[in-house]
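Below is one structure; the comments refer to it alone.
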Amino acid sequence: IDKYYSQHVKTLYITGSGDPFVSVGFRNYLRNFNPKKYPNLKSIHLHTNASMWNKEMWDSMPNVHKYVHTCEISIDAGTKDTYENKTRIGGNWENLFNNLKFISTLPINVKTSFVVQDSNYMEMEEFYNLMYSIFGKKVNVDIKAIDIPNAIIFPNSITGFRSPNNNDRNAIAVVRAAKKQGETSG
């Protein structure tokens, strides 16, 4: 990137192919980031599971701070049990929760994502409420729905919830209907 593209890059999307804080390569890239090599850079978008995005990690990469305006945090659970034992096996819910609280203090627009699966679809509303309790109105909760065998078929996605005044009532109604249908389907 530095050698061939840095002079023309306006946005870096890191990553979608591995966590920027867990991957040694991406982490070192962010820690050693030299803004002088990117004269046209306007923003860096981070896509992470937030398992390692804490104050110490963030402080170890000061040269990226002014460029990180947005992030997506993939969590896929609304409870500790599901997070630690089903969707992020070996994950630590308390660590994640502490990291999310730290991230909420940063001047960054946050999108949290939840891919609906057999193991977590009953927690969509908990996830939605939890994200708003941590981030308030600055969060965009993205629930990405897929087919759940023997339970319910969702539309392609329920996405873009922003504030209690927008589509939240419709979103919560869909989530509650899905949960109710799942409970009656088995």
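Sequential numbering from 1 along the given sequence is applied to the chain's residues.
Tyr121 contributes atom OH, which lies 11.0 Å from atom CD of Glu123 (distance to the nearest 0.5 angstrom). Between atom CG of residue Asn98 and atom CD of residue Glu94 there is a gap of 8.0 Å, rounded to the nearest 0.5 Å. Atom CZ of residue Phe135 and atom CD1 of residue Ile108 lie 9.5 Å apart, to the nearest 0.5 angstrom. Remark: Ile73 CD1 to Lys111 NZ distance equals 12.0 Å, nearest 0.5 Å. Between atom CG of residue Leu100 and atom OG of residue Ser51 there is a gap of 10.5 Å, rounded to the nearest 0.5 Å. One finds the OG1 atom of Thr112 at 10.5 Å from the CZ atom of Phe114 (value rounded to the nearest 0.5 Å).
For the side-chain contact (heavy atoms from CB on, under 4.5 Å) with His45, the lone residue among Asn109, Thr70, Ile14 that qualifies is Thr70.
In terms of heavy atoms, Arg27 sits closest to Phe21 at NH1-O, 2.8 Å. Nearest heavy atom pair, residue Ser119 against residue Thr82, reads O-CG2, 3.6 Å. Closest approach of Ser60 and Pro62 over heavy atoms only: C-CD, 3.4 Å. Closest approach of Gly91 to Glu84, counting heavy atoms only: O-CG, 3.0 Å. The minimum heavy-atom distance linking Phe33 with Leu12 is given by the pair CE1-CD1, 4.1 Å. Shortest non-hydrogen contact noted between Ala77 and Thr87 is CB-OG1, 3.7 Å.
Between Trp58 and His65 the shortest side-chain heavy-atom distance falls below 4.5 Å. In this structure, Ser133 and Tyr128 have side chains that are not in contact, with every pair of non-hydrogen atoms separated by 4.5 Å or more. Counting heavy atoms from C-beta on, the side chains of Met124 and Val116 come closer than 4.5 Å.
Of the possible polar contacts, none joining the His69 side chain to the Pro107 backbone as a donor-acceptor pair under 3.5 Å is found. Side-chain atoms of Lys138 come within 3.5 Å of backbone atoms of Ser104 as a donor-acceptor pair (strictly under, hydrogens ignored). Side-chain atoms of Arg31 do not come within 3.5 Å of backbone N or O of Met61 as any donor-acceptor pair. Asn120 places a side-chain N or O within 3.5 Å of a backbone atom of Asp76 that can act as its donor or acceptor partner. Under a 3.5 Å cut-off, the side chain of Asn54 and the backbone N or O of Asn99 do not form any donor-acceptor pair. The backbone N or O of Lys37 sits less than 3.5 Å from a side-chain atom of Ser6, completing a donor-acceptor pair. Distance alone, capped at 3.5 Å, places no donor-acceptor pair between the Asn49 side chain and the Ser74 backbone. Between the side chain of Ser23 and the main chain of Pro20, no donor-acceptor pair closer than 3.5 Å is present.
Between Tyr67 and Tyr38, the ring center distance fails the sub-6.0 Å criterion.
No more than 12 heavy atoms of other residues, nucleotides or ligands shown are found within 6.0 angstrom of CD on Glu56.
Side-chain contact check for Asn85 and Asp81: at least one donor-acceptor pair (N or O, by modelled atom type) lies under 3.5 Å.
The hydrophobic cluster containing Leu46 also contains Val22, counting ILVMFWY residues as joined when their side-chain heavy atoms lie under 4.5 angstrom apart, directly or transitively.
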*After noting the C-alpha distance and the side-chain angles of Asn63 and Asn34, does the key distance pass the side chain to side chain contact (heavy atoms under 4.5 Å, CB included) rule?*
CA-CA 7 Å; Asn63 289 339; Asn34 182 351; 5.9 Å; no

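Note: Tyr13 and His47 have perpendicular aromatic rings, judged against thresholds of 30 and 60 degrees for the angle between ring planes.
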